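This report refers to the structure that appears directly beneath it.
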2 protein chains.
Amino acid sequence: MYSLLVADDHPLFRDALHAVVSAGLADTQLFETDNLAGAIHFIEAHDGLDLLLLDLSLPDAEGLEGLKTLRTHCPWLPVAIVSAHQERQLVLDAITLGAVGYIPKSTPREQLLAALTQILQGQLYLPADIMRRPPPPNAARSLSAVPAEKQMRLARLTDKQQDVLRYMAQGMSNKQIARELSIAETTVKTHVSAILRKLGATSRVHAIVIASEEELPHSFAKR
Amino acid sequence: MYSLLVADDHPLFRDALHAVVSAGLADTQLFETDNLAGAIHFIEAHDGLDLLLLDLSLPDAEGLEGLKTLRTHCPWLPVAIVSAHQERQLVLDAITLGAVGYIPKSTPREQLLAALTQILQGQLYLPADIMRRPPPPNAARSLSAVPAEKQMRLARLTDKQQDVLRYMAQGMSNKQIARELSIAETTVKTHVSAILRKLGATSRVHAIVIASEEELPHSFAKR
DNA sequence: CGCACCCTCATCCCTTGGTAGGAGACGCCA
DNA sequence: TGGCGTCTCCTACCAAGGGATGAGGGTGCG
């Protein structure tokens with residue numbers, strides 16, 4: 001006998017979920033609420049709850065804020081995210097915060113049932129189609145165990161390269177930088193290529209992001 | 001007919017895995033190697049491979065480095081991590097890097113079989129006992145998507161446009177953003193054009209500079 | 001002196017970025 | 001109901017970015 005609570009402000013979705021659960025999960029009660037405050041209130045009043053299905057776009061909880069609140073408020077309650085969003089990173093963030101599953105609203109009926117079953121049995125559920133997509137190449141930046149070997153990459157830039165990088169960071173094109181420094185555009189490109197190579201960047205935007213993270217000295221001074 | 005490759009430098013563990021697979025997974029070949037270089041060599045020579053089981057302490061690949069290498073080298077090959085480590089964050093990092101599963105070496109025989117089956121069917125497998133442990137309180141620090149509260153009078157970007165802008169500010173190309181949001185690259189271009197027009201920018205870099213100056217919320221959040 | 005490094009500029013070539021225009025689907029609202 | 005805005009996707013085209021390579025001239029150093 002499981003008892004679930006779904007917190008979602010779309011009545012239609014709640015109905016659909018209700019239909020799926022009552023058809024597929026025997027001996028299961030499904031309670032409903034359409035906002036976070038109501039969910040917390042319900043949780044405090046009923047302690048037999050097995051799982052909370054939490055939508056990410058509640059009127060009183062935008063994004064993962066609601067999950068954060070719940071995890072600090074009642075960490076004993078398993079929470080699975082139910083959302084229309086398909087971003088890989090969002091799924092990871094939810095799990096990081098302690099969610100026990102992430103169910104896209106586009107999940108077909110029988111797979112949704114399988115996901116719920118899996119979660120209720122103590123496993124985790126992650127949407128395979130989203131997670132199997134290749135991660136963005138900069139995913140490694142989010143890792144916790146980043147050894148501090150990354151430093152000194154900036155220091156290896158020559159003076160002219162740092163000049164060019166500064167102008168890049170102000171949004172200038174190669175042509176503008178060339179005018180500003182009174183050199184040919186091809187020369188600027190050469191510098192840019194060297195910068196990308198030394199920083200391990202894949203584009204000029206990427207290079208700027210890396211530079212800003214590593215605090216290029218007086219790099220973003222306005223002129 | 002599945003074909004697996006296990007990369008682990010402990011012969012005893014390879015033997016144990018062999019026993020489990022041959023007893024529980026019909027029609028499955030299990031190949032073996034004891035280092036990363038050998039694994040890559042094997043992968044390049046055999047393209048029917050369904051899954052790589054990668055240990056995290058190979059002689060020529062410390063920690064997640066090996067996974068990183070493999071993901072960039074042959075992103076089409078699903079990789080599941082097999083490790084003695086039990087840290088929650090390590091599991092998350094592995095998934096972030098594109099692993100399709102994480103199997104602790106302490107996993108009991110039948111559960112290991114279930115995990116392999118689940119992964120081979122296209123699902124992800126995460127160790128429930130580790131992941132269900134409460135996350136460390138500072139987990140929120142690594143989040144990328146910090147919800148917004150108050151907005152700027154910035155030239156009124158739509159939600160999707162702000163999404164795109166955030167990814168732009170992280171250095172992603174249009175193609176990468178498209179993958180991340182599960183939309184076509186042309187759509188991303190449409191959004192980018194709209195962003196540039198609304199911000200009065202002349203290029204994507206310019207747009208990012210403007211956005212950062214106007215304090216676009218959580219646009220430069222660390223990931 | 002030779003050598004390494006940097007700045008300069010060039011050419012070829014391919015990829016990415018950005019614009020323009022059109023179009024279908026959806027939801028919202030008067 | 002019709003209009004409006006957003007999101008989606010397309011084709012086509014041109015500009016900009018970036019890689020690869022070569023090469024001349026400058027400086028500093030052993």
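Treat the numbers as computed from the prediction; the structure is a model and nothing was measured. In the text below, chain A, chain B and the rest are named by the order of the sequence lines, each starting its count at 1.
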Could you work out, with side-chain contact (heavy atoms from CB on, under 4.5 Å) as the rule, every residue matching A/Leu77, not counting sequence neighbours?
A/Ile43, A/Leu49, A/Leu52

Could you list the residues that satisfy side-chain hydrogen bond (donor to acceptor under 3.5 Å, both in side chains) with B/Asn35, not counting sequence neighbours?
none

What are the residues of residues 188-197 of chain A, sorted by number, that bring a heavy atom to within less than 4.0 Å of DNA chain D?
A/Lys189, A/Val192, A/Ser193, A/Leu196

Contacts of type side-chain contact (heavy atoms from CB on, under 4.5 Å), residue A/His73, not counting sequence neighbours:
A/Ile40, A/Glu44

Angle by which the axis turns from one end of the helix from C/dC1-D/dG30 to C/dA30-D/dT1 to the other, five pairs per end, to 10 degrees
40°

What residues form a ring pair (Phe, Tyr, Trp, His ring centres under 6.0 Å) with A/Phe13, not counting sequence neighbours?
none

Among all residues two or more places apart in sequence or in another chain, which pass the side-chain hydrogen bond (donor to acceptor under 3.5 Å, both in side chains) test with A/Ser203?
none

Tell me the salt bridge (charged side-chain N to carboxylate O under 4.0 Å, His left out) pairs involving residues 5-17 of chain A, sequence neighbours left out?
A/Asp8-A/Lys105, A/Arg14-A/Glu32

Would you kindly give the NE2-to-C1' distance between B/His206 and D/dA16, to the nearest whole Å?
16 Å

Side chain of A/Thr187 only, please: which of D/dA16, C/dC9, D/dT8 is the nearest?
C/dC9

Is any side-chain N or O of A/Lys175 closer than 4.0 Å to OP1 or OP2 of D/dA16?
yes

Do A/Tyr125 and A/Gln111 have a side chain donor and acceptor closer than 3.5 Å?
yes

Check whether any side-chain nitrogen or oxygen of B/Asn174 sits under 4.0 Å from OP1 or OP2 of C/dT16, and answer yes or no.
no

Result for 5'-nearest mapping on DNA chain D, choosing between A/Ser203 and B/Lys160, is B/Lys160

CG of A/Leu181 to NE2 of A/His191: how many Å apart, nearest 0.5 Å?
8.0 Å

Is the phosphate of D/dC10 approached by B/Thr186 (side-chain N or O, under 4.0 Å from OP1 or OP2)?
yes

Atom CD of B/Glu185 and atom P of C/dG17: how far apart are they, to the nearest Å?
7 Å

Could you please name the option among D/dC7, C/dC9, D/dG18 that lies closest to any side-chain atom of A/Arg204?
D/dG18

Of all residues at least two apart in sequence or in a different chain, which pass the side-chain hydrogen bond (donor to acceptor under 3.5 Å, both in side chains) check with B/Asn174?
B/Arg204

